A.B. asks: 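This is the structure, below, for whatever I ask next.
It should be emphasised that the depicted structure is a prediction, and the values quoted were computed from it without experimental measurement.
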Amino acid sequence: MKNNLKLVFETTTVFIGTIVGAGLASGQEITQFFTSYGYKGFMGIILCFFMYFFVSRIIIKLSIKYNLSSYNELISLVMKGPIGKFTDLITGFFMLSSSAIILAGSGALFHQYFKISPWFGIIVMALVSLITLLKDTKGLITINSFIVPSLIIIIVTIFLLYVLFDKSFCSFTYIKNFEAAKKPWLISALLYGSFNLLCCSGVLVPFSQELKKEVPLTIGSFFGALGLTILCIMINLMLILNIPYIYRYDIPLLYIANRFGKVIELMLLCIIFFEMFSTEVSDIYSIGKTIKHKFNISYKKAVVLVLAIAIPTSQIGFKNLITFLYPAFGALSIIFILCCVNFYRKNL
């Protein structure tokens, strides 16, 4: 019983930690995918909860039944032919690009706040990630067991401070009167949920295959989806009450936290950095597991190889690449989810 409870907690934290990157912790992702759609953005967040739970349950079942070891094996199972190979290629390319961008972001953060060479931040992030990754799945569990509770405490603290001290906290009628900057909220929610689930499969598949305990894994994914939903609702509520000011900032949540003092602001900045670290580890873990089974090399060598590619790649400008990659990855993610559901329906 005790072991199962521990596994539920570990699955919950890994699930949340994999999806919550710096984009969500900063409020930028919530602004783009939900807040911009007015009160209907809350409907999108609820839709994502059901997507997270039901599709993660499918991924867990398929991973255990078919003894899958990496996301590319899951893609090959549910998506046959050229579309599956293309999705596999884009997913791997996206995760590698993401890890390189996070290294570059870490360098920029150190340069901006400490006025030192960006290479210092890049090397620090790479070394800490490598140390964690060499511990395999245990390392992934350890960092998320620390980072995710810290994230929850800080976001809940900012939310409670907002509720207690900000007089603009109003009723649903007040929120409903906000004019949405964008209209098709359903498409946005589907893209966001699918996008996160395909990324999450890179961790969820090997995690499920190694542990092979369907019930606690499923319960953990439920609490993970629920925790994410509650966090997103709290962040979205604060952001929607600060329209249009939030559109002026790269870190909208920092604009809200700023009014509660430097300590809260610094705590949020620390969490954003740790979430960058968590995402970096999750991305490289996912690619490392895939390379291990695809090319029959050790996981540790695969991780070192990925970092060796990501470090120099972090110096390349990604603006044009991401302009193509994000929409393509989002569209393929929806197709991936549909294929997972269809395969599950026919075979389980």
Side-chain angles (χ1 to χ4, degrees), residues 15-56 98 148 151-152 154-156 158-160 162-163 166 168-200 221-257 268 271-272 275-276 279 322 326-327 329-331 333-334 337:
F15 189 93
I16 294 174
T18 302
I19 292 178
V20 177
L24 194 151
S26 68
Q28 187 60 245
E29 282 184 6
I30 302 297
T31 299
Q32 295 297 324
F33 286 95
F34 302 110
T35 310
S36 298
Y37 296 88
Y39 75 93
K40 290 185 178 178
F42 291 102
M43 296 163 63
I45 292 172
I46 299 300
L47 174 62
C48 285
F49 163 72
F50 289 107
M51 288 178 66
Y52 291 153
F53 175 59
F54 288 111
V55 177
S56 64
S98 175
V148 170
L151 168 77
I152 293 170
I154 290 171
I155 297 299
V156 170
I158 294 172
F159 181 75
L160 290 175
Y162 195 93
V163 172
D166 201 299
S168 66
F169 191 82
C170 300
S171 65
F172 177 75
T173 305
Y174 179 74
I175 295 170
K176 192 175 180 181
N177 288 331
F178 280 109
E179 186 176 347
K182 300 176 183 178
K183 298 297 180 183
W185 68 271
L186 181 60
I187 296 173
S188 178
L190 288 172
L191 279 171
Y192 185 73
S194 301
F195 174 96
N196 281 327
L197 280 164
L198 182 49
C199 289
C200 190
S221 67
F222 169 78
F223 283 116
L226 183 63
L228 271 170
T229 302
I230 294 170
L231 286 175
C232 287
I233 287 173
M234 287 191 294
I235 294 171
N236 191 47
L237 186 57
M238 290 187 287
L239 292 173
I240 205 171
L241 291 171
N242 284 274
I243 293 174
Y245 308 108
I246 56 167
Y247 297 132
R248 302 174 188 172
Y249 298 90
D250 291 330
I251 307 178
L253 199 56
L254 197 60
Y255 163 74
I256 295 169
L268 181 60
I271 278 297
I272 291 170
E275 285 301 337
M276 289 171 63
T279 303
I322 294 304
Y326 270 72
F329 190 67
S333 297
I334 292 178
I337 297 303

A.B. asks: Show your working on side-chain contact (heavy atoms from CB on, under 4.5 Å) between Ile233 and Ile46 and close with a plain yes or no.
C.D. replies: CA-CA 9 Å; Ile233 287 173; Ile46 299 300; 4.1 Å; yes
A.B. asks: Does Tyr255, at its OH atom, have more than 12 non-hydrogen atoms belonging to other residues, nucleotides or ligands within less than 6.0 Å?
C.D. replies: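 Counting neighbours around OH of Tyr255, more than 12 heavy atoms of other residues, nucleotides or ligands fall under 6.0 Å, so yes.
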A.B. asks: Minimum heavy-atom separation for Asn236 to Gly41, with atom names?
C.D. replies: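 Looking at all heavy atoms of both residues, the shortest contact is ND2-C, 4.2 Å.
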A.B. asks: Find the distance between CG (Leu151) and CD (Glu275) and round it off to the nearest 0.5 Å.
C.D. replies: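 Answer rounded to 0.5 Å: 5.0 Å.
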A.B. asks: Please say whether more than 12 non-hydrogen atoms of neighbouring residues, nucleotides or ligands are located less than 6.0 Å from CG in Leu186.
C.D. replies: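 Check passes, neighbour count above 12.
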A.B. asks: Nearest 0.5 angstrom please: Thr31 OG1 to Asn242 CG, how far?
C.D. replies: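 Between Thr31 OG1 and Asn242 CG, I get 10.0 Å after rounding to 0.5 Å.
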A.B. asks: Return the minimal non-hydrogen interatomic distance between Ile337 and Val55, and the atom names on each side.
C.D. replies: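 Nearest pair, atom of Ile337 first, then Val55: CD1-CG1, 3.6 Å.
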A.B. asks: Determine whether a donor-acceptor pair (N or O, by modelled atom type, separation under 3.5 Å) exists between the side chain of Ser56 and the backbone of Phe53.
C.D. replies: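 Yes: the side chain of Ser56 pairs with the backbone of Phe53.
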A.B. asks: How long is the gap from CG on Leu253 to CD1 on Ile154, to the nearest 0.5 Å?
C.D. replies: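 Rounded to the nearest 0.5 Å, the CG-CD1 separation comes out at 10.5 Å.
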A.B. asks: With side chains defined as the heavy atoms from C-beta onward, is the minimum distance between Cys232 and Ile30 less than 4.5 Å?
C.D. replies: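 In short, these two side chains touch, coming nearer than 4.5 Å.
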A.B. asks: Give, for atom CH2 of Trp185 and atom OG of Ser36, the distance between the pair rounded to the nearest 0.5 Å.
C.D. replies: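 These two atoms lie 15.0 Å from each other.
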A.B. asks: Which atoms form the tightest heavy-atom contact between Gly224 and Ile16, and what is the distance?
C.D. replies: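 Heavy atoms only, the tightest pair is O-CG1, 3.5 Å.
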A.B. asks: Can you tell me how far CG of Leu228 sits from CD1 of Ile19, rounded to the nearest 0.5 angstrom?
C.D. replies: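 Going from CD1 on Ile19 over to CG on Leu228, the span is 5.0 Å.
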A.B. asks: Can you see which heavy atom on Met238 is nearest to which on Phe159, and at what distance?
C.D. replies: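 For Met238 versus Phe159, the nearest heavy atoms are SD-CA, 3.7 Å.
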A.B. asks: Parallel, tilted or perpendicular: which fits the ring planes of Phe33 and Tyr192, with parallel below 30° and perpendicular above 60°?
C.D. replies: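 Plane angle between 30° and 60°, so tilted.
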A.B. asks: Run the numbers on Leu239 and Phe34 for side-chain contact (heavy atoms from CB on, under 4.5 Å), then give the verdict.
C.D. replies: CA-CA 10 Å; Leu239 292 173; Phe34 302 110; over 6 Å; no
A.B. asks: For the pair Tyr52 and Ser221, evaluate side-chain contact (heavy atoms from CB on, under 4.5 Å) and give the outcome as yes or no after the intermediate values.
C.D. replies: CA-CA 8 Å; Tyr52 291 153; Ser221 67; over 6 Å; no
A.B. asks: To the nearest 0.5 angstrom, please state how far the CG atom of Leu241 sits from the CD1 atom of Ile256.
C.D. replies: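 Output value for this atom pair is 8.5 Å.
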A.B. asks: Is any side-chain heavy atom of Phe42 closer than 4.5 Å to one of Tyr37?
C.D. replies: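 Side chain of Tyr37 against side chain of Phe42, heavy atoms only: no contact under 4.5 Å found.
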A.B. asks: What is the minimum heavy-atom distance between Ala189 and Leu47, and which atoms define it?
C.D. replies: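 What the structure gives for the nearest pair is CB-CD2, 4.0 Å.
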A.B. asks: So which heavy atom on Thr18 is nearest to which on Cys199, and how close?
C.D. replies: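 Closest heavy-atom pair between Thr18 and Cys199: CG2-O, 4.4 Å.
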A.B. asks: So if I apply the side chain to side chain contact (heavy atoms under 4.5 Å, CB included) rule between Thr35 and each of Ile235, Leu237, Ile240, which one comes out positive?
C.D. replies: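 Exactly one pass, corresponding to Ile240.
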A.B. asks: Leu190 vs Met51, test: side-chain contact (heavy atoms from CB on, under 4.5 Å). Steps then yes/no.
C.D. replies: CA-CA 8 Å; Leu190 288 172; Met51 288 178 66; 4.0 Å; yes
